[in-house]
**Q** 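First the structure, which I've put down as structure tokens, then a few questions once you've had a look.
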Amino acid sequence: MEKFAINFFIVGQVNQFAYRALTQAPSIGQRCVFKDKRYEVVMVEWCLDEDATNSSRQARINIELNPV
């Protein structure tokens, strides 16, 4: 099963918050939970450049989260 390389960021913070390899990407408005804390997805950015993908990942996706 193919997986997406997903980078999670908190709005207003430069450094990556988390990385996950998932079979589906969250959509805007959905919520993600990290260590019992909820975050709302506010931005989804698909990076489709050749250097952003490789044989084991279909695409790199950057997702911005707001704490809820």
Side-chain angles (χ1 to χ4, degrees):
M1 181 175 284
E2 294 293 327
K3 293 184 179 180
F4 298 109
I6 302 179
N7 299 307
F8 292 91
F9 297 88
I10 303 296
V11 172
Q13 295 182 17
V14 177
N15 295 332
Q16 180 181 19
F17 172 69
Y19 166 84
R20 299 292 185 272
L22 303 172
T23 58
Q24 296 180 333
S27 299
I28 292 173
Q30 291 185 321
R31 292 194 177 175
C32 298
V33 179
F34 291 91
K35 296 183 180 178
D36 295 327
K37 185 165 173 114
R38 287 177 168 65
Y39 299 87
E40 183 177 356
V41 175
V42 295
M43 189 274 302
V44 177
E45 175 182 66
W46 292 74
C47 302
L48 303 176
D49 295 329
E50 287 184 20
D51 62 348
T53 61
N54 61 43
S55 60
S56 66
R57 303 285 184 259
Q58 293 177 342
R60 184 179 69 214
I61 303 167
N62 295 326
I63 293 180
E64 284 191 355
L65 304 169
N66 259 338
V68 177

**Q** Is it true that V44 and L65 fall in one hydrophobic cluster, defined by side-chain heavy atoms closer than 4.5 Å?
**A**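 V44 and L65: one cluster.
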
**Q** Is the backbone N or O of S27 less than 3.5 Å from a side-chain atom of Q30, with the two atoms forming a donor-acceptor pair by type?
**A**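 Pair found, side chain donor or acceptor close to backbone of S27.
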
**Q** To check you understand the geometry: which heavy-atom pair defines the closest contact between G29 and E40, and what is its length?
**A**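 Looking at all heavy atoms of both residues, the shortest contact is CA-OE2, 3.8 Å.
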
**Q** Minimum heavy-atom separation for A25 and F4, please, with both atom names.
**A**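 What the structure gives for the nearest pair is N-CD1, 4.3 Å.
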
**Q** How long is the gap from SG on C32 to CZ on F17, to the nearest 0.5 Å?
**A**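 That separation rounds to 9.5 Å.
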
**Q** So, for F9 and N15, which heavy atoms are closest and what is the spacing to 0.1 Å?
**A**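 Result for this residue pair: CD2-O, 3.7 Å.
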
**Q** Short question: side chain of Q16, backbone of A18 - any donor-acceptor pair under 3.5 Å?
**A**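 Such a contact is found between Q16 side chain and A18 backbone.
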
**Q** Calculate, to the nearest 0.5 Å, the distance between atoms CD and CZ belonging to E45 and R60 respectively.
**A**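 Reported to 0.5 Å precision, the distance equals 8.0 Å.
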
**Q** Check each of V42, I6, I28 against I63 using the side chain to side chain contact (heavy atoms under 4.5 Å, CB included) test, and report the only one that passes.
**A**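 The passing option is I6.
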
**Q** Where do C47 and I61 land on the side chain to side chain contact (heavy atoms under 4.5 Å, CB included) test, with the steps shown first?
**A** CA-CA 6 Å; C47 302; I61 303 167; over 6 Å; no

**Q** Output the distance between atom CZ (F8) and atom CD (E64), rounded to the nearest 0.5 Å.
**A**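 These two atoms lie 12.0 Å from each other.
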
**Q** What I'd like to find out is whether the side chain of V41 reaches to under 4.5 Å of the side chain of R31, using heavy atoms alone.
**A**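 With C-beta onward as the side chain, the pair stays apart.
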
**Q** Can you tell me how far the CZ atom of F34 sits from the OH atom of Y39, to the nearest 0.5 Å?
**A**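 Output value for this atom pair is 8.0 Å.
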
**Q** Quick check: closest heavy atoms across T23 and K3, and the distance to 0.1 Å?
**A**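 Heavy-atom minimum between the residues: CG2-CG, 4.1 Å.
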
